[in-house]
A.B. asks: 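If you scroll down you'll find the structure; I have some questions about it.
The residues of the chain are indexed from 1 along the displayed sequence. Treat the numbers as computed from the prediction; the structure is a model and nothing was measured.
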Amino acid sequence: MFKKYISKLESIIALSQSLLSEKQFIFLSSVLVGISSAFAVIVLKSFAHWVFKFATYINGILKLSFINSILPIAGLVLTVFVIKRLLGGTIEKGTSQILYAVAKKASIIPRKQMYAHIVTSSLTVGLGGSAGLESPIVVTGAAFGSNFAQNYKLSYKDRTLLIGCGVAAGIGAAFNAPIAGVLFAIEFLLVDVSISAFTPIMIAAATGALVSVITLDEEILLNVKHQPEFNYHNIPFYVLLGIVTGFISIYYTRNFQKTEHFFSHLRMNPYKKAILGASLLAVLIFLFPTLFGEGYESIRTLANNDAKELVENTLFSRFRNNNWVVLFFVAATMMIKVFATSITLGSGGNGGNFAPSLFVGSYIGYVFSKAINLTGLTHLPISNFTMVGMAGILSGLFHAPLTAIFLIAEITSGYSLMLPLMIVASISYAISKRFEKHSMDVKELARKGHAFTSNKDHNVLSTLSTNSIIHTDYLTLSPEDNLEKLVDLISHSSQTVFAVVDKEQHLLGVVHFNEIREVIFNKYRVKYTLVKEIMKPPVDIIYPFHNMETVMNKFEKTRKTYLPVIKDEKYFGFISKSEALEAYRSKLKAMTIE
């Protein structure tokens, strides 16, 4: 029955495609992708919220505080079970896979990504894994966009655009923040987008946010209202907070990667690895209960300056009236969060770092402002610093300052904090960028040469294959040939460059027609000159494994129009600079979203 309804819907959409113009169909597609992404948000957020409420109920009524430590163990084991038994044994985690799909797979995202992350992340985070749901939401939204485009045979540019729509709708729905959704899609994915492409992305983000806010209870979404007005006298402290969040972002990035790499190199059965990681996580959650799940409830608690509530039912509960002990507890939780998240994801769980970045940001904002207040130096608005701290960490980790600024502005339902948000986000971004060239999610891709960055040339060149422009059919010469043979070859071919090779095809030199014109037009020298007398050693060589950025750098450095290619230590062919540039121009045109 369900398949029957799906089939009818697809028929209606196909009919619409035939009746609408290309641009109109993209607008319709953005709405449908936005609705699909919003429903993914509803499923994930609702499940996580229900489990959190259940655990809170058990703790409050039955006083079984250990339940928060048991649930994550079940969640990680179940996640590994689903991946092994239902998803073919593997699942691509993290938002970096979207960048890779756009760069190397023509914006093709596997169909299973439309449901794999919904199932696995709901088990991991819903049952208490210390990670976020936003990364799975974004990947799911991108998969909806890609597969919708594939289903209706849309072009590469339109597939990429609908992936951006899915990303924007996912963030917009998760936070009821459509502007942040649009900006995240632009900063994260669509680094080179024309103004006209904003329209479908905005439609998708607005659709996702609208469906989410209509369907979900307000307490499920992260929102904090009634912040004090901004006081310009506090600007020096916001500057200092920006510096602190910048260095905390670096601390988070490096420790996350170290811990995740440690688990990835463990030679253990996946179930044993999950149990090991979950056991470590269980201990951390027992000591610091707010590490359970996404942690958005504790963000609201800190924004209301009620940190004492966080130490209830913990080993520190008897010190809840000691402000400095409570502050130490909050600071320790903030520093340990990175390990809780990396253990969760490294040992087999599925989730992301978006929610943890907001968690850490709110905690550092609270600790920073509360500590200054306790010293009596001045009185800072703790709620404001708690919220602005989130923008600092989000900007530092993801290198997305605009997203961070407008996300927090939308969460707080106003723009009174715009100036401090801009100060903290930009300073944190600058410091993080100084020490970490790439954002946290794309650092590994960058190491492999696959990442999209703000460098448009790098983005385009990373999508080109060197092998596709190597010509292996060029005629060659022997060093003992005389120039009469060279003249004959030039007369009967369009070649202007020749490789000189021995009997084993080893490259001995190169002859460029433009460099020997005087010799060629001298009949005496043509008759009595050997090739080995005029050939020159190659100024540089290319190997098939070189990426296109390396190839173009070699052309720029040597000022040559042709460069020889060596494979297995033997001459293989030539690459033409003009053909490389033409491939670049064609790819740039195809990748530009209009």
Side-chain angles (χ1 to χ4, degrees), residues 9 12-41 95 98-99 101-102 106-107 109 134 137-214 400-407 409-410 415 452 454 456 459 588-594:
L9 179 60
I12 294 172
I13 296 173
L15 177 62
S16 300
Q17 186 178 19
S18 64
L19 297 176
L20 299 174
S21 69
E22 182 179 340
K23 181 173 289 187
Q24 290 170 337
F25 184 70
I26 290 296
F27 290 162
L28 173 63
S29 303
S30 65
V31 172
L32 297 175
V33 170
I35 293 173
S36 302
S37 300
F39 278 114
V41 171
T95 52
I98 304 174
L99 296 174
V102 172
S107 293
I109 298 178
E134 286 73 28
I137 286 169
V138 165
V139 174
T140 302
F144 282 143
S146 174
N147 282 275
F148 182 95
Q150 293 175 57
N151 198 39
Y152 297 99
K153 297 179 173 55
L154 301 183
S155 66
Y156 168 77
K157 287 192 292 187
D158 290 338
R159 283 197 303 272
T160 305
L161 180 57
L162 288 184
I163 286 176
C165 288
V167 169
I171 294 297
F175 295 101
N176 186 26
I179 297 176
V182 172
L183 292 173
F184 184 74
I186 301 300
E187 286 189 298
F188 169 73
L189 180 65
L190 306 177
V191 294
D192 185 30
V193 60
S194 65
I195 296 297
S196 60
F198 272 79
T199 304
I201 296 173
M202 288 188 293
I203 291 172
T207 301
L210 182 62
V211 173
S212 174
V213 77
I214 291 174
L402 289 177
T403 300
I405 291 167
F406 282 91
L407 176 64
E410 290 183 282
Y415 293 88
F452 266 20
S454 58
K456 182 172 65 177
N459 296 340
L588 176 62
K589 183 177 180 181
M591 290 176 61
T592 301
I593 300 173
E594 300 173 349

A.B. asks: For a ring pair (Phe, Tyr, Trp, His ring centres under 6.0 Å) check, start with the C-alpha distance between Phe148 and Tyr152, then their side-chain angles and the critical distance, and finish with the verdict.
C.D. replies: CA-CA 6 Å; Phe148 182 95; Tyr152 297 99; 4.9 Å; yes
A.B. asks: Might you point out which heavy atoms bring Val167 and Ala185 nearest each other, and give the distance in Å?
C.D. replies: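 Shortest heavy-atom separation between Val167 and Ala185 comes out as CG1-CA, 4.1 Å.
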A.B. asks: Please answer whether the main-chain N or O of Leu402 pairs with a side-chain N or O of Glu187 as donor and acceptor at a distance below 3.5 Å.
C.D. replies: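 Looks like yes, one N/O pair under 3.5 Å.
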A.B. asks: Within this structure, what is the CG-CG distance for the pair Asn176 and Leu407, rounded to the nearest 0.5 Å?
C.D. replies: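 Between Asn176 CG and Leu407 CG, I get 10.5 Å after rounding to 0.5 Å.
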A.B. asks: Which residue in the set Val102, Asp158, Leu154, Leu162 passes side-chain contact (heavy atoms from CB on, under 4.5 Å) when paired with Ser107?
C.D. replies: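 Testing each of Val102, Asp158, Leu154, Leu162 against Ser107, the sole residue satisfying side-chain contact (heavy atoms from CB on, under 4.5 Å) is Val102.
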A.B. asks: Indicate the atoms forming the closest heavy-atom contact of Ile26 with Pro200, along with that distance.
C.D. replies: CG2-CB, 3.9 Å
A.B. asks: Taking all atoms of both residues into account, what is the closest heavy-atom pair of Ile109 and Asn147, and its distance?
C.D. replies: O-ND2, 3.1 Å
A.B. asks: Roughly how far, to the nearest 0.5 Å, is the CD atom of Gln17 from the CD atom of Gln24?
C.D. replies: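 Rounded to the nearest 0.5 Å, the CD-CD separation comes to 12.5 Å.
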A.B. asks: Less than 4.5 Å apart, side chain to side chain, heavy atoms only: is that true for Phe188 and Thr403?
C.D. replies: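 Counting from C-beta outward, Phe188 and Thr403 never come under 4.5 Å.
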A.B. asks: Do the side chain of Arg159 and the main chain of Gln150 share a donor and acceptor less than 3.5 angstrom apart?
C.D. replies: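 No, Arg159 side chain to Gln150 backbone: no donor-acceptor pair under 3.5 Å.
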A.B. asks: How close do Ala38 and Ser212 get, counting heavy atoms only, and between which atoms?
C.D. replies: CB-N, 4.4 Å
A.B. asks: Do the side chains of Phe144 and Thr140 get nearer than 4.5 Å, heavy atoms only?
C.D. replies: yes
A.B. asks: Determine yes or no for a side-chain-to-main-chain donor-acceptor pair under 3.5 angstrom, with Ser18 supplying the side chain and Leu15 the backbone.
C.D. replies: yes
A.B. asks: Specify the closest pair of heavy atoms between Ser37 and Gly141, including all atoms of both residues, with the distance to one decimal.
C.D. replies: OG-CA, 3.3 Å
A.B. asks: When rounded to the nearest 0.5 angstrom, what distance separates CZ in Phe27 from CD1 in Ile203?
C.D. replies: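 Here the interatomic distance stands at 5.0 Å.
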A.B. asks: Would you indicate whether the side-chain heavy atoms of Leu183 and Ile405 approach each other to under 4.5 Å?
C.D. replies: no
A.B. asks: Can you find a heavy atom in the side chain of Val182 that is under 4.5 Å from one in the side chain of Ile171?
C.D. replies: no
A.B. asks: What is the minimum heavy-atom distance between Phe25 and Ser16, and which atoms define it?
C.D. replies: CD1-C, 4.3 Å
